[in-house]
Each structure stands twice: as structure tokens, then as C-alpha cells.
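A quick note: this is a predicted structure, and the numbers were derived from the prediction, not measured. Heavy-atom basis, side chains included; hydrogens, waters and symmetry copies ignored.
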Amino acid sequence: METIVTEAVETDPALPLIISVDDHTVEPPTVWQDRLPRRYLDTGPRVVRAPLREMTFLGGRFKPVMGTPGTDDGPVGDWWVYEDLHRPLTRLDTAVGYSRDEIRLEVITYEQMRPGSYDVPQRLADMDVNHVQSAVCFPTFPRFCGQTFTEAADHELGLLCVQAYNDWMVEEWCGPQARGRLIPLTLIPLWDAELAAREVRRNAARGVRAVAFSEIPPHLGLPSVHTDDWDPFLAACDETGTVVAMHIGSSSRMPSTSKDAPPAVGSTITFANCCFSMVDWLMSGKFERFPNLRVMYAEGQIGWIPYILERADIVWEENRGWGGVADKVHRPPSELFAEHVYGCFFDDAFGLRNLDAIGVGNVLYETDYPHSDSTWPKSKEVGEAQMGHLDADVVERIVRGNAIDLLGLTPDGLWDGPR
């Protein structure tokens, strides 16, 4: 493991302090055990140390098998156990501090990960090292939009798990010790849009302005955005100014080409689900029905956006009569994109060279800490190298200004705390 010296950030005028809209938290083992009713402690999420029997990651599908502690041989790791789900912590969950050649698909324990993955003071220290002022963090065990609880059998328990996670996120992860530098992102019970709307309003009342959602809900067995099923949830987001945040993989299906394709194939085309999802939203009519709705695509990068907007406008203009959108999409998709959609990137020099075709106001910056793709601890250097051709006011908007406006942060770039 590389040794990284932790020190305070000194503001450098070459690149403003970063507001990362896509980092990740690895939940401490006690998140649910401290918050669920006693009757659920044996079935709710809990951590067990156990050996790995086997693990594959092919065709975009991650399949780990937990062995029996004290019986099976194999590398030992910490596993989240919930109902009949067994999900290990892996090096890909928390890879920062390790050289690229050391990052493999392997199980790990909490002691084998960088403490900033799960500990707030250590996270702030690692943000200082990386020139990051504030950060939005997506989940790990619940997966990127809480689909772990949607796929569970007991939705009464699932709702309690969602609420427990949100309480931990607001009160502890983003609590007083974070000093406004961690920005809350909450979950919803995806299986019930009315319950989801209530959870959005419950969290909005205490200052939350972002909620995780699936990029392609039908992949989770849920309705698409072309139906009216999601309208109660979308209305709540519209009314409260809550941003719908969609991370790559939030459909429980990473892009791939075949069942035997190695992970490198999917890693190259991770943006593809965001591409499909954005076209869904632009052709759904939802942005006209809910004019205050905003969506963002975490880790989707931005270089692919210009052509999709060009093609969507052509289809809308030339084919809307038979394309099924004439009665609900009354403006060019590119105009709807400009008002409602945000692309997020951490390493996309091509997209930055084509920024005029995307829109300066529609781009957000991220560092992806602590994942294997993360630019930590060199996000500042990467940003300077890729944005060196841009005017200072444009860089400021991308690196922090757009996030401040979208997420309702203070002018200084901080979350003003639970209310």
C-alpha cells in the first residue's frame, strides 16, 4: 500500500477547491444494527467475517459465494449478510492508496481498507490531500440506488433499512463532525412511489437536496419512466428541488457484450447505461410535466453527450409523428437537456474539448473516491491538465459553481446541515 501524507489543503488559484458530486461511502458495520428494531437484528444487514469460496465478475455480473467460517478454506473477508444475501467487501470498493497493479478482484476486511472509506474525520483528511472541499457520497452495501432493499423479500424491513440508512447519512456521515463538507444523498423505497415521495419530503425537510435513483428501472423489474407510475416520486422531487442522482450500475446491470466478456469490456463502456437512460428521460415528457425536475449522471462521463443530443433532435424533428413522442415532447430534446440534465466526469479530456456542444452549465466534476477509477490523490493535477485550455470562470463553474447551484449549497460550497 502506498504511503500518502495527510496535510491541509492550501487554496491554489490554478484550480478552485473541488466539489465532488460522486464519491462513495463504505458503511460502517453498525449502521443498521444500531437503528433497526430488535426483532430484525438477525435478518437485517450485519457484517460477518468469513472465507471466500468462489467469485466471478463476467458479462457485467458479480457473483461471490461465501464459505463457512471455521470450515472452508479461502481468503477471509468481511461480508454483509442480509436475508439470504451475502455480499463481500472487495478491493474494488476501496482501492485508493494501492498501486494499480495491486488492485484485484478480491475480498477484504475493514482493516485492509483505507479508513477514509468509512470514517468521517479520515475522509475529510483524504479530501484535504486531494484538493476537495465537499463531496456527495453514493452507497456501497445498499448499492447505488438502494436496490439491495428492493430485491429483498421483506419490504417492511426494507423500508426500515432505507430509513435507517438515510438517518445515518444525514445525522452521522453528514453530521456535525463533517462540518458541512459531506453532502447528503438519500435513498427511497423503489418498490412504492408513494412511499418514495414521503421519504423524499421527509429528507427534504431536513435539508437534503439529492436522492439516488436507477438509471434503467426496468432492469430491476420496476416500471419505466415512460409510465405514470413514478409520478408521485417525481412530483415530490419537483416540489422540493431534490435532484435525481443516477450512478452507473444503478440498474444492477453493467454494460457488457457477452456472458464471457472480461470486466475490461464493461469498464470501457460504463457510460452506455447513462446514454440509454438519458434518451429515455428526454423522450418521456417528464421534464415538461415537472419543470423543476433535475437529473444527474454520476460517473457517466460527458464525451458521448453531443452526438446523442444531435441524434435525439433529428429523431424528434423528423420521426416524432410515428416515434410515439409527438403528444408529450413539445420541444427539442437538446433544449430539455440544457434545463434538466447534468453530466458528471472525473477524466474526460475529449468531453472538455467539446464543452460548447454540451453546455458549461450542465457539467459537474467528481473524484470517485475510493474506487479503482478514482483520480485521488491527484484530482487537482488531472483537472488542471484537462481544463488548462478553459477560461477561469468556466473552470470554476465546472469544478464547484454548478454543484453549488444544483445542490443548494452555501456560497462557500458547504451543506448548511440538518434542519
Side-chain angles (χ1 to χ4, degrees), residues 21-22 24-25 60-62 82 85 87 136-152 155 158-159 161-163 165-166 169 184-200 203 208-238 242-256 266 269-287 289-290 293-301 308 340-344 366 368 371:
V21 297
D22 171 31
H24 299 264
T25 178
R61 297 288 187 177
F62 177 49
Y82 170 48
L85 174 67
R87 198 278 192 195
V136 174
C137 296
F138 282 81
T140 297
F141 169 69
R143 309 217 298 283
F144 294 144
C145 66
Q147 61 265 54
T148 292
F149 305 124
T150 299
E151 295 167 358
H155 278 168
L159 178 60
C161 287
V162 167
Q163 293 169 338
Y165 177 87
N166 292 341
M169 169 62 62
L185 172 74
T186 51
L187 304 177
I188 55 170
L190 289 161
W191 59 89
D192 188 315
E194 293 287 353
L195 289 177
R198 291 180 206 167
E199 193 62 13
V200 166
N203 291 302
V208 176
R209 290 293 175 267
V211 63
F213 189 66
S214 175
E215 60 203 351
I216 307 177
H219 286 347
L220 303 178
L222 300 169
S224 79
V225 297
H226 299 289
T227 71
D228 294 335
D229 297 70
W230 293 109
D231 284 5
F233 162 67
L234 298 180
C237 293
D238 180 82
T242 299
V243 179
V244 177
M246 293 171 282
H247 195 285
I248 59 167
S250 56
S251 59
S252 294
R253 186 182 303 179
M254 293 298 290
S256 191
I269 57 175
T270 53
F271 70 91
N273 281 355
C274 296
C275 173
F276 301 157
S277 174
M278 190 179 81
V279 176
D280 250 355
W281 282 92
L282 292 176
M283 298 299 187
S284 70
K286 298 303 184 186
F287 293 141
R289 292 189 60 190
F290 302 104
L293 189 63
R294 302 291 184 272
V295 306
M296 57 171 270
Y297 287 100
E299 210 172 320
Q301 312 303 335
I308 293 299
H340 298 274
V341 183
Y342 294 78
C344 311
E366 60 187 40
D368 196 31
H371 283 183

Chi angles and distances behind the side-chain contact (heavy atoms from CB on, under 4.5 Å) call for Val295, His340 = CA-CA 6 Å; Val295 306; His340 298 274; 5.6 Å; no

Would you name the heavy atoms of Asp229 and Pro232 that are closest together and state the gap between them?
-> O-CD, 3.5 Å

Side-chain ion pair, Asp228 and Arg289, N-O less than 4.0 Å = yes

Just do the side-chain contact (heavy atoms from CB on, under 4.5 Å) check on Asn203 and Val211 with the steps written out, would you?
-> CA-CA 9 Å; Asn203 291 302; Val211 63; over 6 Å; no

Among Arg143, Glu215, Glu299, the one residue meeting side-chain hydrogen bond (donor to acceptor under 3.5 Å, both in side chains) with His247 | Glu299

Could you tell me the separation between the SG atom of Cys237 and the CD1 atom of Ile188, rounded to the nearest 0.5 Å?
-> 7.0 Å

Nearest 0.5 Å, what's the CZ-OH distance between Arg294 and Tyr342?
-> 5.5 Å

Atom of Val225, atom of Lys286 and distance for their closest heavy-atom approach | O-CE, 2.8 Å

Stepwise side-chain contact (heavy atoms from CB on, under 4.5 Å) test for Asp22 and Cys344 = CA-CA 8 Å; Asp22 171 31; Cys344 311; 5.5 Å; no

Spatial distance of atom CD1 (Ile308) from atom CG (Leu282) [nearest 0.5 Å] = 9.5 Å

Heavy atoms only: give me the nearest Glu199-Pro189 pair and the separation to one decimal.
-> CB-CD, 4.2 Å

Exactly one candidate in Trp230, Phe290, Phe287 meets ring-ring contact (aromatic ring centres under 6.0 Å, His included) with Trp281; the answer is Phe287

List in chain and number order the residues that pass ring-ring contact (aromatic ring centres under 6.0 Å, His included) with Tyr82, two or more places apart in sequence or in another chain; answer none if no residue qualifies.
-> Phe149

Could you tell me which non-hydrogen atom of Trp191 sits nearest to which non-hydrogen atom of Val162, and how far apart they are?
-> CH2-CG2, 4.5 Å

So how far is it from Thr186 OG1 to Arg209 CZ, rounded to the nearest 0.5 Å?
-> 10.5 Å

Between atom CE of Met246 and atom OH of Tyr297, what is the distance when rounded to the nearest 0.5 Å?
-> 3.5 Å

Search all heavy atoms of Ser277 against all heavy atoms of Ile216 and return the closest pair with its distance.
-> CB-CG1, 4.5 Å

Would you find a donor on one side and an acceptor on the other, under 3.5 Å apart, between the side chain of Glu194 and the backbone of Asp192?
-> no

Compare every heavy atom of Leu187 with every heavy atom of Gly146, then report the nearest pair and how far apart it is.
-> N-CD2, 3.9 Å

Could you point out which residue of Thr242, Leu190, Asp238, Val244 forms a side chain to side chain contact (heavy atoms under 4.5 Å, CB included) with Phe233?
-> Val244

Got a second to check how far His371's NE2 is from Glu366's CD, nearest 0.5 Å?
-> 11.5 Å

